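This is a predicted model, so every value here is computed, not measured. Just so you know, residue 1 is the first one in the sequence shown, and it goes up from there. Atoms within a ligand are numbered from 1 in the order they appear, just like the ligands themselves.
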Amino acid sequence: MNKKLLVKVLSVVLALVLGMTVLWACGGEEPQVDEKPELIMATNAAFPPYEFKEGDSFAGIDVDIATLIAEKLGMELVIKDVEFGSIVGGVQSGKFDMGMAGMTVTEERLESVNFSESYATGIQVVIVAEDSTITSLDDMLADGSMKYGVQQDTTGDIYASDTVENGGYGEENVIRYKTGAEAVQALKAGKLDAVIIDNEPAKSFVAANEGLRILEAEWAVEDYAICIAKENTELLEKVNGALAELEAEGKIQEIIDTYIK
Ligand code: ARG
């Protein structure tokens, strides 16, 4: 080897060693502190008081409970705001780790995903205009010409769209909206006779909009739970464990009480 070549080889080696030392030193300077695994939760944040947007961040009963679950699991909660109807499929395909959206446990959904233990109860109710002549669910059935607004793919949609024989109002009389809030705006604008939606969001919407009232009648009582992919039994167990602890610590009730007076 001539001298020139030797110098070249040595300088390359030196550069490599230096480079690696620098890399190693930088890595050492910023140790990966607290790199928690993510817990990706899909929701539809237009459903107060369970989930809603507060500026750029999310708030609500589900958000607070999920935050505590993630804390207990040593994970970092990441919330994705998506269309309600895409939550179950996204959880099933593994795009999201869990779906938490005031979501009712139904037989049909159970065919695609698992549900945690229930953490809350929901009731389907009916919102009408304050001056509406509707006083009962029977009034709604008797008049075949009414239009009912629902949030697409919710249980309110599923029940209302069913045939009259099955207790619904017929698909042709149901108008589907992306969010409950949009259905409520349509009701206010006189485009609908009634909106069928869960009771707590119904109360929030009626409080935030003048000229609306909720019928006394309760339609269906439902259990809310967190959906998780069928094969992810490990997460299901962990979430159920965390929920049981939070329940025992009184935290679930505490959270519900801060949002529902
Ligand atoms: N409880 C109803 C259902 O499961 C409605 C839930 C809607 N939730 C929402 N975040 N928009 O179908």
Sequence neighbours excluded, the answer for side-chain contact (heavy atoms from CB on, under 4.5 Å) partners of Glu245 is Lys72, Glu249

Would you mind writing out the side-chain donor-acceptor pairs for residues 52-61 within the sub-3.5 Å range, not counting sequence neighbours?
from  : atom 1 : to    : atom 2 : distance (Å)
Ser57 : OG     : Glu54 : O      : 3.1

Which of Asp157, Asn44, Thr179 passes side-chain hydrogen bond (donor to acceptor under 3.5 Å, both in side chains) with Gln151? Answer is Asn44

Scanning both residues in full, the closest heavy-atom pair of Leu192 with Ala183 reads CD1-O, 3.4 Å

Write none if no such pair exists; otherwise list each N/O atom of ligand 1 with its protein N/O partner under 3.5 Å and the distance.
from     : atom 1 : to     : atom 2 : distance (Å)
ligand 1 : 1 (N)  : Gly102 : O      : 2.8
ligand 1 : 1 (N)  : Thr104 : OG1    : 2.8
ligand 1 : 1 (N)  : Asp198 : OD2    : 2.6
ligand 1 : 4 (O)  : Thr104 : N      : 2.8
ligand 1 : 4 (O)  : Thr104 : OG1    : 3.2
ligand 1 : 4 (O)  : Arg109 : NH1    : 2.8
ligand 1 : 8 (N)  : Ala101 : O      : 2.8
ligand 1 : 10 (N) : Asn44  : O      : 2.9
ligand 1 : 10 (N) : Glu51  : OE2    : 3.0
ligand 1 : 10 (N) : Ala101 : O      : 3.3
ligand 1 : 11 (N) : Asn44  : OD1    : 2.8
ligand 1 : 11 (N) : Gln151 : OE1    : 3.0
ligand 1 : 11 (N) : Gln151 : NE2    : 3.4
ligand 1 : 12 (O) : Arg109 : NH1    : 3.4
ligand 1 : 12 (O) : Arg109 : NH2    : 2.9
ligand 1 : 12 (O) : Thr155 : N      : 2.7

Salt bridge (Lys or Arg N to Asp or Glu O under 4.0 Å) filter on Lys178, not counting sequence neighbours, yields Glu83

For Tyr119 and Asp62 the tightest heavy-atom approach is OH-OD1, 2.7 Å

